[in-house]
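As structure tokens, the structure follows; a few thoughts come after it.
Only this structure's heavy atoms are used, side chains among them; waters, hydrogens and symmetry mates stay out.
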Amino acid sequence: MRHVIALDVGGTGMKAALVGADGALLYEARRATGRERGPEAVVETILGFAADLRAHGIEHFGESAVAAGVAVPGIVDAERGIALYAANLGWRDVPMRDLLGARLGGVPVALGHDVRTGGLAEGRLGAGRGADRFLFVPLGTGIAGAIGIAGAIEAGAHGYAGEIGHVVVRPDGPECGCGQRGCLETLASASAVSRAWAAASGDPDADAADCAKAVESGDPAAVRVWLDAVDALAAGLVTALTLLDPRTLIIGGGLAEAGETLFTPLRAAVEERVTFQKLPEIVPAALGDTAGCLGAGLLAWDLLAAAQPATEDRSATTHPADDDNDPPADEPLATEVSA
């Protein structure tokens, strides 16, 4: 069965899959990133993981993967296939495409930014399917965005497009790692809510999920922390929709798991702030933590399709956006080990 390798590399864990031409996850596996062992060891773990996936495909599907896609955090030069910088992994200028290609027997390899890759999957297969313009914003340790336009993700002139987490919403706010003060991610990310709730509750181990539960139980201190983050988030999102005019605004990441505890006040806060702007539909992400793998798979299939002559029959590599059926993501998956 024809398939590609898909890898989604995170700060603590890596998710990987073998993805069929119809978008089906044929096999899924997870491993710890092991960043405490240093950047070189992380790169070797990625390469070894990919090699194991290739071997699994040969054994179970009768052939080797025809391409690979990998999504990584930080700054990415997708055209040259170089992972330029990732603070949480400690690497600089890693020639990821060449290293993976060599380890995988010379197959073509696509490299992408983790959030933009997840946004690609949400746009083609998830909550943005059918929307000609969307903005995908996952709220996790930090905040970034993926700008979807006509089935593709806009990377920008230098690969920095979508960095909504560094829009300043409160100039006198907390210092950000980027050097500015009051960036959106210092106020409205899951880690920001965790810090604020830990301080307000007096429990150093409290996190954003605990804050959401306290909000649902009516705790006034939790409500204050939560609404402060929602207000900052709304300010950043209105700036984004003023610039981009998306038809759909997709919110994902850890905070989105709070469901309507987040979405009800967020929709109201955004609506209160808009004036002339057209209010987009604000919806939760649909693919959860499989978005990165699915997106990496799409990158790989797209790479193959782009390499084919225009006269060649491309039916075997039609990407899932051309299918009328969603991938069977709800079917049982083979899972190697949890990260």
Side-chain angles (χ1 to χ4, degrees), residues 1-10 13-31 46 49-50 53 56-57 61 65-73 76 78 100 108-131 134-138 140 144-148 151-153 155 162 248 250-253 256-257 283-306 317-336 339:
M1 180 183 296
R2 213 156 182 255
H3 63 275
V4 297
I5 292 169
L7 283 160
D8 178 19
V9 179
M14 296 188 294
K15 296 176 284 290
L18 299 180
V19 183
D22 61 352
L25 295 176
L26 305 175
Y27 170 74
E28 185 180 54
R30 301 185 183 219
R31 289 183 185 175
I46 294 168
F49 200 3
L53 288 162
H56 183 93
F61 301 113
V66 291
V70 57
V72 299
V76 175
L100 273 172
V109 176
L111 178 68
H113 180 273
D114 56 352
V115 172
R116 289 196 289 270
T117 301
L120 179 67
E122 282 289 347
R124 289 193 189 171
L125 307 171
R129 188 169 186 175
F134 70 86
L135 177 64
F136 169 57
V137 181
I147 303 165
I153 301 297
T248 305
I250 305 167
I251 307 296
E257 294 177 6
V283 300
L287 301 177
D289 70 354
T290 65
C293 267
L294 286 168
L298 289 172
L299 289 178
W301 284 118
D302 284 357
L303 185 64
L304 287 174
T317 57
T318 299
H319 63 60
D322 295 332
D323 236 342
D324 288 333
N325 298 315
D326 289 325
D330 56 346
E331 292 184 3
L333 299 170
T335 301
E336 181 181 285

(request) Begin from the C-alpha positions of Asp8 and Thr117 and carry the test side chain to side chain contact (heavy atoms under 4.5 Å, CB included) through to its verdict. (result) CA-CA 9 Å; Asp8 178 19; Thr117 301; over 6 Å; no
Closest non-hydrogen atom pair between [X] and [Y], with its separation:
X	Y	value
Gly119	Ala146	CA-CB, 3.9 Å
Gly252	Ala285	CA-CB, 3.8 Å
Ala131	Thr248	CB-OG1, 3.6 Å
His113	Val76	CA-CG2, 4.0 Å
Gly295	Leu120	O-CD2, 4.0 Å
Leu294	Ala121	CB-CB, 3.9 Å

(message) What I'd like to find out is whether the side chain of Asp289 reaches to under 4.5 Å of the side chain of Arg30, using heavy atoms alone.
(response) yes
(message) Measuring only between side-chain heavy atoms, which start at C-beta, is Leu25 closer than 4.5 Å to Val19?
(response)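 Answer yes - side chains close enough.
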(request) Tell me, please, which residues at least two apart from Leu53 pass side chain to side chain contact (heavy atoms under 4.5 Å, CB included). (result)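 Ile5, Leu7, Ala16, Leu18, Tyr27, Phe49.
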(message) Going by the rule side chain to side chain contact (heavy atoms under 4.5 Å, CB included), which residues pair with Ala67 if we only count those two or more places apart in sequence or in a different chain?
(response)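 Partners of Ala67 under the side chain to side chain contact (heavy atoms under 4.5 Å, CB included) test: Val4, Pro108, Ala300, Leu304.
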(request) Please list, chain by chain and in numerical order, all residues satisfying ring pair (Phe, Tyr, Trp, His ring centres under 6.0 Å) with His3, sequence neighbours excluded. (result) Phe61
(message) Please check this pair: side chain of Glu28 against backbone of Lys15, looking for a donor-acceptor N/O pair closer than 3.5 Å.
(response)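 No, Glu28 side chain to Lys15 backbone: no donor-acceptor pair under 3.5 Å.
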(request) Ignoring hydrogens and angles, tell me if any N or O in the side chain of Glu122 forms a donor-acceptor pair with the backbone of Gly128 under 3.5 Å. (result)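 No, the answer is negative, given that no donor and acceptor are paired below the 3.5 Å cut-off.
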(message) Could you measure the distance from the CZ atom of Arg124 to the CD1 atom of Ile153? Nearest 0.5 Å is fine.
(response) 8.5 Å
(request) Enter the distance from Phe136:CZ to Ile251:CD1 here, rounded to the nearest 0.5 Å. (result) 9.0 Å
